[in-house]
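Proteins come first, then strands; the chains are lettered A, B, ... in the order of their sequence lines, and each starts at number 1.
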Amino acid sequence: MRLSRYFLPTSKEIPSEATIPSHQLMLRAGMIAQAGSGIYTWLPLGLRVLKKIEEIVRQEQNRFGAQEVLMPTIQPMDLWKESGRYGCYGEELLAFTDRHNREMCYSPTNEEMITDVFRRYVKSYKDLPISLYQIQWKFRDEIRPRFGVMRGREFLMKDNYSFDLDKESAIRSYQNMYQCYLRTFNRMGLVAIPVKADPGAIGGNMSQEFNIIAETGENELYYHKDIETMRTQSLDSIDLEKLQGLYAASGEMHDPATCPIHEKNLVVKRGIEVGHIFYFGTKYTRSLNALVNGPDGSLVPAEMGSYGIGVSRLVAAAIEANFDDRGIIWPESIAPYKVGLILAKSKDGVAIKLANDIYAQLQENNIEVLYDDRNASTGYKFADMDLIGLPWQVIVGKNAASGYVELKNRKSGELYQIHSEELLGKL
RNA sequence: CGGGGUGUAGCGCAGCCUGGUAGCGCAUCUGGUUUGGGACCAGAGGGCCGGGGGUUCGAAUCCCUCCACCCCGACCA
C-alpha cells in the first residue's frame, strides 16, 4: 500500500480523552475513531491488526478441533427467560423491543443461543464431544466504558462452547482449550499468565483467566514466580501439569491468609484479561433441556464449558505490552504490515526508482509493505513510521546511488546497511 | 449509579473570575523555498463558543435546564 493513498490519519497531539498508552496510540496512529462512549469505528490500519489477531485465534481454534459458526448479534429474549438469566444478567444486557413489541437483546454472550442450536440437533452421546465457536461482535452495556477498545461496550470476541457427555470428558475439553489458549497468545508474541478466576455471571465453579502483564492492567494478579519463566519457554517443552499446579489467582480469588506459597515466591503484578475459560457443567443444558441419550439409554443433560477471547481487547493489550516513547512496537505476527518502506529522498530520481523497485519486489514476494512515498520531510516520515510501529523499516535515501538501503528493526533499533538485492533474504 | 471534571476551528488549548460580538499553536488550502528525525517564508479558508431557556441595551463570559464525553469507585472478554 502506498501511504500517499492510504487513509491513515495520524496525529502528534495526544488526544485529551485518552489516558492510557494503548488508547492514546491507537488514536494517534489512526487505528480507531470513537463513535460514542465505548463504541469505535475501526480504521484501515486498526482493522488490519484486528483481522490478524482474529485469524490467529481462528486457526488455533480449528487446530484444536473446534468448528466455526456464526450466531446473530440480536437474540430473542425468550431464551434468556428460559435459561433463568433474564433477571440476573442485569443492566449490562442491552434490551429493546422490535416492531411487534417482541423483547430482544444484543448478545453479550451466547450460552443460550448455542445451547438452543445444540438441543435441536444433538440427541446422542455418539455425536459428542462437540466444540463450536464464533468470532462475533458483542455488546455489554458497561457501567463505565473506558480505555478505548480495552473496555468498550461493543467488542469483538471469540466465544467457544463445548458439549460433552460427562464431567470427565468435559474437563478434557476444558484442558484442550487451556492448551489452545497458551498457543494462541504465544503466536501473537504475547505472554499470557493463566490464573484462577471468579466465574461471575457465566457461572460454574472452575474458571481461569489469561492475562497479559501490563502496568495499566485492571486485574491484580498473584502467582508463583516460576510461572513467568515457564511461560517464556517453548510450548512443546512445557510441563502443563506443573504449570497448572503452580499457585495463580486473580483479585478477590487471592487471600493472603490462605495463600499456600511463600511470600518470596509470590509475584504481584497487574494484568489485562484477554481470555477466560469456564467449566460450568449442566447449568444451561438443564434449564434449556438440552438432553442426550447416553450409552445406557438414559437421558442426561450435556456437560458444558465456554471459552472467550477478547479479540478487540487484544489489539490494545498487545500495545500496552509493546510500546516506547515514540509509538507502538508490533509483534511481527499481528503487525498491520511487516515492512515500512521509507523514501527518504523524495526528489531524488535514483532513490525514487530504487524505492519503487523495492516496493514492487516486496509485493511480488507477498511481503506486506506500507510504502511512504509521500512528499514530506524525512523526519515527518520517520516519526509516523515509528508511531505506527511496523516491525521493519527500509529506508531508501542517501546511499541509493550505490544500491544500498538501511534496514531498521523497530523494536531493537538495530540498523543494517545492506544492498537492495540482499533485502529479501533478510526479511 | 455515587463522587469529580471538561465541552470554544479537524486536534491541543487560552479567553469566562471582572459581560462589549473570538484568539494562539498544530493541521488544512495557495505560491515559493525545502527534505536523514514531526522544515521555512508569504498569503488564505475554517466557529450559531455542546443544545434549549432566562437575566441584560448587549452573553463564550452570569443564572436555570438538558445532553455528550472523560476521570475515581462497585461489575465484566
Parallel, tilted or perpendicular: ring planes of A/His23 versus A/Tyr40, cut at 30 and 60 degrees: perpendicular

Summary of protein contacts for nucleotides 29-38 of chain B, nucleotide by nucleotide, where a base hit scores B, a sugar-phosphate-only hit scores S (4.0 Å, heavy atoms): -----BBBBB

Gap between atoms OH and C1', on A/Tyr161 and B/A77 respectively (whole Å): 11 Å

Pair A/Glu68-A/Arg58, side chain to side chain contact (heavy atoms under 4.5 Å, CB included): steps then yes or no: CA-CA 8 Å; A/Glu68 187 169 11; A/Arg58 175 176 291 115; 2.8 Å; yes

NZ-CG distance between A/Lys12 and A/Asp384, expressed to the nearest 0.5 angstrom: 10.5 Å

Touch class at under 4.0 angstrom, heavy-atom based, for A/Glu273 against every strand present: sugar-phosphate

Sugar-phosphate only, base, or nothing, as touched by A/Glu92 at under 4.0 Å among non-hydrogen atoms: base

Side-chain N or O of A/Arg144 closer than 4.0 Å to phosphate OP1/OP2 of B/C71: yes

Parallel, tilted or perpendicular, as decided by the 30° and 60° cut-offs, for the rings of A/Tyr404 and A/His419: perpendicular

A/Gln34 side-chain N/O to B/C70 phosphate OP1/OP2 under 4.0 Å: yes

Pair partner, B/G25 [Watson-Crick or wobble, under 3.5 Å]: B/C11

Distance in angstrom units between A/Asn219 CG and B/A77 P, rounded: 9 Å

SB check A/Glu228 A/Lys269 (cutoff 4.0 Å): yes

Rounded distance in Å - CD1 (A/Ile143) to P (B/G73): 13 Å

Sugar-phosphate only, base, or nothing, as touched by A/Thr19 at under 4.0 Å among non-hydrogen atoms: sugar-phosphate

Basic-acidic side-chain contact under 4.0 Å: A/Arg172, A/Glu168: yes

Nearest-angstrom distance, C1' atom, B/C13 to B/U8: 10 Å

Spacing of A/Arg140 atom CZ relative to B/A77 atom P, expressed in whole Å: 6 Å

Sugar-phosphate, base or nothing in reach of A/Glu13, heavy atoms under 4.0 Å: base

Atom-pair distance (CG on A/Asp159; P on B/C76), nearest Å: 17 Å

Worked verdict on A/Glu60 versus A/Arg63 for salt bridge (Lys or Arg N to Asp or Glu O under 4.0 Å): CA-CA 5 Å; A/Glu60 294 306 321; A/Arg63 182 197 305 275; 2.9 Å; yes

Distance, rounded to the nearest Å, where A/Leu93 contributes CG and B/C75 contributes P: 19 Å

Sugar-phosphate, base or nothing in reach of A/Gly251, heavy atoms under 4.0 Å: nothing

